[in-house]
Chemist: 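Quick one: this structure, given as structure tokens, is what I'll be asking you about.
As the structure is a computational prediction, the values presented were derived from the model and not from experiment. All values below come from the heavy atoms of this structure, side chains included, with hydrogens, waters and symmetry mates left out. Ligands are counted one by one from 1 in listed order, and the atoms in each one are counted from 1 as well. Note that the numbering runs from 1 along the sequence shown for the chain.
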Amino acid sequence: MAKRDFISITDLRKPEILGIFKQAKVFKKKPFSKRDALASKSIALVFQKPSNRTRVSFEVGIFDLGGHATYLGPEELKLGVRESVKDAAKVLSRYLDGIVARTFSHEDMLLMAKFSTIPIINGLSDLLHPCQGLSDLFTIDEKFGKSDIKISFVGDGNNVLHSLLLGCSVLGRDIHVATPAGQGPNAEVLEKAKSEAAKSGSKIELTNDPVECVKGADVVYTDVWVSMGQEREKQKRLSAFSGFQVNKELLSHAKKNVLVMHCLPAHRGEEITDAVLDGKNSIVYDQAENRLHVQKAILLKLLGG
Ligand code: CP
Ligand code: NVA
């Protein structure tokens with residue numbers, strides 16, 4: 001059977017995503033209900049960038065499923081520096097059963113997938129963060145239990161937004177996005193999301209006005225303005241995003257019970273205030289927890305059995 005990668009949410013069809021959500025719900029109630037699913041399997045986490053949530057939730061998830069996790073951080077492998085991505089992918093395929101990869105460039109993620117003979121799970125690239133997007137949509141479903149809600153994203157047209165856009169479009173959920181001019185989503189990702197939305201019947205609304213975007217919103221989502229790898233652009237980016245902070249004033253335009261989401265880590269005081277992140281409408285820690293349950297369901301689908 002051909003190996004299956006998870007590089008983008010669009011690698012999964014809607015019924016498969018719903019199946020993952022169903023399984024994640026079971027894992028949330030019964031963490032050890034598939035104790036042997038990854039028995040005798042070794043999975044490496046090949047990370048070019050730091051991580052808390054993705055690394056730890058995958059390591060714990062692999063343990064819960066009876067598998068073995070090996071972490072290969074930026075210093076161990078020096079992917080693309082000490083050896084080519086191609087050589088690393090080919091060699092690791094001889095030892096392992098699967099790889100969760102976190103790369104700077106999405107090109108490297110695609111090369112990993114191309115040259116490995118084992119499943120590659122995208123644990124974040126500069127373009128996409130599909131595990132995040134999938135578990136965020138699981139969290140939204142868990143909180144609302146219905147699909148006719150207003151989901152608004154305010155901030156940078158980055159990897160997190162891209163996966164949320166694609167996920168909403170595949171699942172048929174409307175999404176409203178506010179970014180500063182020139183900081184919108186990647187054109188190819190947007191095209192793909194639009195074509196998925198046309199099939200599922202959902203809408204994508206883009207604006208440069210954060211107030212307009214969050215008006216009547218049930219969910220307001222934001223992410224950092226300076227992603228990993230963009231540190232040198234910090235000053236330029238901070239001024240480009242001024243006016244896009246998720247704070248109490250902005251949220252006063254959303255529904256009273258709006259839920260606030262952030263993938264974390266947050267740059268407190270930049271894209272979001274302490275008062276909002278720590279406030280009663282914030283669900284960021286539930287969101288972080290769900291990474292574990294959803295990723296276990298992804299592992300089970302790709303590598304279990
Ligand atoms: N949200 C997320 O992916 O966090 P980490 O960078 O800590 O893994
Ligand atoms: N956009 C952020 C997400 C971190 C989980 C980054 O790429 O750094």
Chemist: Does ligand 2 come near enough to V224 that some N or O of the ligand is less than 3.5 Å from an N or O of the residue?
Modeler: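 No, V224 has no N/O under 3.5 Å of an N/O on ligand 2.
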Chemist: For K86, enumerate each residue passing the salt bridge (Lys or Arg N to Asp or Glu O under 4.0 Å) test, keeping only those at least two apart in sequence or located in another chain.
Modeler: none
Chemist: Please determine if R102 has a nitrogen or oxygen closer than 3.5 Å to a nitrogen or oxygen of ligand 2.
Modeler: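 No - when backbone and side-chain N and O of R102 are compared with those of ligand 2, no distance drops under 3.5 Å.
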Chemist: When only distance counts, is H129 in polar contact with ligand 2, meaning an N/O pair under 3.5 Å?
Modeler: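 Between H129 and ligand 2, no N or O pair is found under 3.5 Å apart.
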Chemist: Show which atoms of ligand 2 fall inside a sub-4.0 Å distance from at least one heavy-atom site of N159.
Modeler: 1 (N), 2 (C), 6 (C), 7 (O)
Chemist: If a pair satisfies side-chain hydrogen bond (donor to acceptor under 3.5 Å, both in side chains) and one of its residues is in residues 121-131, list it, with sequence neighbours excluded.
Modeler: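 The answer is H106-S125.
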Chemist: Which ligand 2 atoms, with their elements, are less than 4.0 angstrom from a heavy-atom of L264?
Modeler: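 Listed by number with element: 5 (C).
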Chemist: How close does the nearest protein non-hydrogen atom get to atom 8 (O) of ligand 2, and which residue and atom is it?
Modeler: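 Closest protein heavy atom to atom 8 (O) of ligand 2: M228 N, 2.8 Å.
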Chemist: Provide, line by line, the atom pairs where ligand 1 and the protein bring an N/O atom each to a distance under 3.5 Å; else say none.
Modeler:
| residue | atom | partner | partner atom | Å |
| --- | --- | --- | --- | --- |
| ligand 1 | 1 (N) | Q132 | OE1 | 2.9 |
| ligand 1 | 1 (N) | C263 | O | 3.0 |
| ligand 1 | 1 (N) | L264 | O | 2.8 |
| ligand 1 | 1 (N) | R291 | NH1 | 3.3 |
| ligand 1 | 3 (O) | T54 | OG1 | 2.9 |
| ligand 1 | 3 (O) | R102 | NH2 | 3.2 |
| ligand 1 | 3 (O) | H129 | NE2 | 2.8 |
| ligand 1 | 3 (O) | R291 | NH1 | 3.2 |
| ligand 1 | 4 (O) | R53 | NE | 2.8 |
| ligand 1 | 4 (O) | L264 | O | 3.3 |
| ligand 1 | 6 (O) | R102 | NH1 | 2.8 |
| ligand 1 | 6 (O) | R102 | NH2 | 3.4 |
| ligand 1 | 7 (O) | N52 | N | 2.7 |
| ligand 1 | 7 (O) | R53 | N | 3.0 |
| ligand 1 | 7 (O) | R53 | NE | 3.3 |
| ligand 1 | 7 (O) | R53 | NH2 | 3.0 |
| ligand 1 | 8 (O) | S51 | OG | 2.6 |
| ligand 1 | 8 (O) | T54 | N | 2.8 |
| ligand 1 | 8 (O) | T54 | OG1 | 2.7 |
| ligand 1 | 8 (O) | R102 | NH2 | 3.1 |

Chemist: Answer with yes or no whether the hydrophobic clustering places V160 together with V154; edges join I, L, V, M, F, W, Y residues whose side-chain heavy atoms lie under 4.5 Å apart.
Modeler: no
Chemist: Can you spot which of K28, K29, K25 makes a salt bridge (Lys or Arg N to Asp or Glu O under 4.0 Å) with E142?
Modeler: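 Of the listed options, the one satisfying the test is K28.
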Chemist: Check the orientation of Y71 and F47. Use parallel for under 30°, tilted for 30 to 60°, and perpendicular for over 60°.
Modeler: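 Correct class here is perpendicular.
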Chemist: Do K3 and S116 have side-chain atoms, one donor and one acceptor, less than 3.5 Å apart?
Modeler: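 There is such a pair between these side chains.
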Chemist: Rounded to the nearest 0.5 Å, what separates atom CG in L124 from atom OG1 in T54?
Modeler: 6.5 Å
Chemist: Show every side-chain hydrogen bond (donor to acceptor under 3.5 Å, both in side chains) that has at least one partner inside residues 33-47, sequence neighbours left out.
Modeler: none
Chemist: Is a side-chain donor-acceptor pair under 3.5 Å present for E212 with T207?
Modeler: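 Per modelled atom types, T207 and E212 side chains form no pair under 3.5 Å.
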Chemist: If I compare all heavy atoms of G243 with all of P210, which pair ends up nearest, and what's the gap?
Modeler: O-CG, 3.4 Å
Chemist: At under 4.0 Å between heavy atoms, which part of L124 makes contact with ligand 2: side chain, backbone, both or neither?
Modeler: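 It is the side chain that touches ligand 2; the backbone stays farther off.
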Chemist: Should D223 be counted as touching ligand 2, given the test is an N or O pair under 3.5 Å?
Modeler: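 Yes - when backbone and side-chain N and O of D223 are compared with those of ligand 2, one distance drops under 3.5 Å.
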